[in-house]
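Only one structure is covered here, and it is reproduced in the block below.
Computed over heavy atoms, backbone and side chain alike; hydrogens, waters and symmetry mates excluded.
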Amino acid sequence: MDREHAPPMDEMRRLPRTDVLLADPRLDAAAVRLGRRLVKEVVAGVQTQARSGEVPVDEIADRAVAALPATASALRPVINATGVLLHTNLGRAALSPAARDAVLAASGSTDVELDLGTGVRARRGRSALDALLRAVPAAEAAHVVNNGAAALVLAATALAQGRDIVVSRGEMVEIGDGFRLPDLLVSTGARLREVGTTNRTTPADYAAAVGPDTGFILKVHPSNFRVTGFTREASVTELAPLGVPVVADIGSGLLTPEPALPDEPDAMTWLRAGASLVTASGDKLLGGPQCGLLLGNADLMQRLARHPLARALRVDKLTLAALEATVRGPLPPTVTALRADPRTLRERAERLAGTLRADGVDCHAVDTEAVVGGGGAPGVTLPSAAVSLPAAYAARLRGTEPAVMARVEDGRCLLDLRAVPEDADAELALAVRRVAPGTGS
């Protein structure tokens with residue numbers, strides 16, 4: 001304790017005991033909602049501040065109430081103003097209101113694996129799988145695992161353990177956080193048969209490598225990089241007649257063609273082109289929860305679903321509920337952001353900047369560019385608009401409630417509105433006012 005700033009002894013004697021503070025009706029109610037241990041930790045922290053003179057003794061209870069988190073989880077909500085629609089560090093796709101409602105409804109006991117009509121066990125997640133098949137009629141069957149990498153691992157383990165996977169050298173990608181596709185596939189016990197070169201791989205290269213030991217041909221969409229210049233890749237249409245299954249990883253999660261991203265592959269198109277199985281991520285351009293999707297041939301899907309590894313990779317009821325609501329329900333925030341009108345974004349930026357300038361904030365509206373992110377649509381930029389603030393705002397805004405994640409570009413803090421729902425504009429403006437110089441925050 002800093003003796004110079006410590007409160008007088010008579011003040012210390014007035015320091016209320018922990019049990020007395022926890023009896024405060026507000027803290028007592030919070031203990032029911034958040035748990036007594038968490039509330040007690042908050043109270044203890046404020047008591048420590050009072051002992052060092054940072055908090056007046058008479059304000060301990062009020063300060064403790066103010067310091068309580070909104071939930072019992074340490075995860076904090078963040079407004080994504082980075083201009084990256086699928087920001088991996090922010091959890092990628094934001095769920096739609098319909099998906100959030102579905103998660104809440106499924107959070108208690110639910111019929112995830114029960115037929116209420118007969119009272120006996122039923123196929124797990126059948127309504128979510130049915131939603132996927134309705135969305136992608138070209139698929140005979142569907143299966144869901146816990147992420148996109150898991151979908152490939154399950155396919156490789158069930159179909160190619162101890163056998164060859166034929167794959168182009170130009171598609172041996174590295175995904176997030178240093179995980180490399182070749183390492184992932186080899187870990188399943190499969191052997192990689194690399195064909196072609198980094199920039200050119202022809203159908204003949206694949207045909208020459210296919211043999212009795214081939215488990216499948218793997219076609220990977222390079223969703224996080226782009227090779228340009230003297231290039232050639234074999235299409236699914238060209239690979240389908242080679243006599244072995246074609247497993248196609250589209251990565252980004254589009255179930256059907258997306259007009260805003262005409263060059264991004266989708267499950268429907270690749271299945272119609274002849275892919276036996278398509279794998280994808282549910283929390284990317286589909287706009288749903290983190291999960292891995294497998295769509296395609298019914299016989300192959302049965303082998304995957306009955307493999308022992310499928311049990312270890314299965315998803316919980318909350319994921320199934322969110323996935324079904326995403327597929328069946330209204331457009332998720334990711335798709336809404338992807339299709340946003342640049343003129344509307346500029347109007348919003350002008351309106352926000354004008355409101356903030358009236359409060360004395362140094363800001364103005366600017367045109368800018370957003371990206372898809374999350375390993376999707378490499379090289380594609382989306383026209384956007386932002387509110388430009390002094391660079392120092394970026395760090396301050398990360399400390400607000402909710403936190404605001406912006407980006408710093410050319411010495412300015414940009415609040416890119418492409419991934420910010422329009423109904424969050426007022427909350428965004430309030431966060432800026434809270435940290436603006438002279439507000440007392």
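- Look at Arg418 and Asp416 and you find no salt bridge, because none of the NZ, NE, NH1 or NH2 atoms lies under 4.0 Å from a carboxylate O.
- Between Asp362 and Arg357, none of the side-chain N atoms (NZ, or NE/NH1/NH2) sits under 4.0 Å from a carboxylate O, so this pair counts as no salt bridge.
- When the side chain to side chain donor-acceptor pair (under 3.5 Å) test is applied to Gln302, no partner is found at least two apart in sequence or on another chain.
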Checking side-chain hydrogen bond (donor to acceptor under 3.5 Å, both in side chains) for the pair Arg412/Ser388: CA distance, chi angles, key distance, verdict?
CA-CA 6 Å; Arg412 297 285 290 183; Ser388 174; 2.8 Å; yes

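- Rounding to the nearest 0.5 Å gives a distance of 11.0 Å between CG of Leu255 and CD of Glu258.
- Listed by first and then second residue, the salt bridge (Lys or Arg N to Asp or Glu O under 4.0 Å) pairs that reach into residues 373-385 come to none, sequence neighbours excluded.
- The local environment of CG in Asp410 is sparse, with at most 12 non-hydrogen atoms from other residues, nucleotides or ligands closer than 6.0 Å.
- Scanning both residues, Pro259 and Arg339, for their nearest heavy atoms gives CD-NH2, 4.4 Å.
- Defined by atom type and a distance below 3.5 Å, a donor-acceptor pair is missing between the side-chain atoms of Asn297 and Ser276.
- Listed by chain and number, the residues in a salt bridge (Lys or Arg N to Asp or Glu O under 4.0 Å) with Arg76 are Glu401 (sequence neighbours excluded).
- Listed by chain and residue number, Ser168 satisfy the side chain to side chain donor-acceptor pair (under 3.5 Å) test with Thr201 (two or more places apart in sequence, or in another chain).
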Stepwise, does the side-chain hydrogen bond (donor to acceptor under 3.5 Å, both in side chains) test hold for Thr368 with Arg407?
-> CA-CA 12 Å; Thr368 186; Arg407 75 174 187 268; 2.5 Å; yes

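- Looking at Thr71, its side chain does come within 3.5 Å of a backbone N or O of Ser73 through a donor-acceptor pair.
- In this structure, Arg134 places its CZ atom where only 12 or fewer heavy-atom neighbours from other residues, nucleotides or ligands lie under 6.0 Å away.
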Are Arg121 and Asp115 close enough, and set up right, to give a salt bridge (charged side-chain N to carboxylate O under 4.0 Å, His left out), and what steps lead you there?
CA-CA 6 Å; Arg121 186 171 186 165; Asp115 184 330; over 6 Å; no

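- A salt bridge links Arg328 with Asp130: at least one charged nitrogen is closer than 4.0 Å to a carboxylate oxygen.
- With hydrogens and angles left out, the side-chain atoms of Asp249 and Thr279 include a donor and acceptor closer than 3.5 Å.
- With sequence neighbours excluded, no residue forms a side chain to side chain donor-acceptor pair (under 3.5 Å) with Asp423.
- Partner Asp111 forms a salt bridge (charged side-chain N to carboxylate O under 4.0 Å, His left out) with one of Arg126, Lys317, Arg124 and no other, that one being Arg126.
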Q.
Evaluate Glu347 against Arg351 for salt bridge (charged side-chain N to carboxylate O under 4.0 Å, His left out), listing each step before the verdict.
A. CA-CA 6 Å; Glu347 290 169 2; Arg351 191 162 53 246; 5.3 Å; no

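- Defined by atom type and a distance below 3.5 Å, a donor-acceptor pair is present between the side-chain atoms of Gln47 and Thr18.
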### Message
I'd like to know whether Arg123 forms a salt bridge (charged side-chain N to carboxylate O under 4.0 Å, His left out) with Glu113, so could you lay out the CA-CA distance, the side-chain angles of the two residues, the decisive distance to 0.1 Å, and finally the verdict.
### Response
CA-CA 6 Å; Arg123 185 178 57 155; Glu113 207 166 334; over 6 Å; no

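- Evaluation of the salt bridge (Lys or Arg N to Asp or Glu O under 4.0 Å) test over residues 30-40, restricted to residues two or more places apart or in two chains, returns none.
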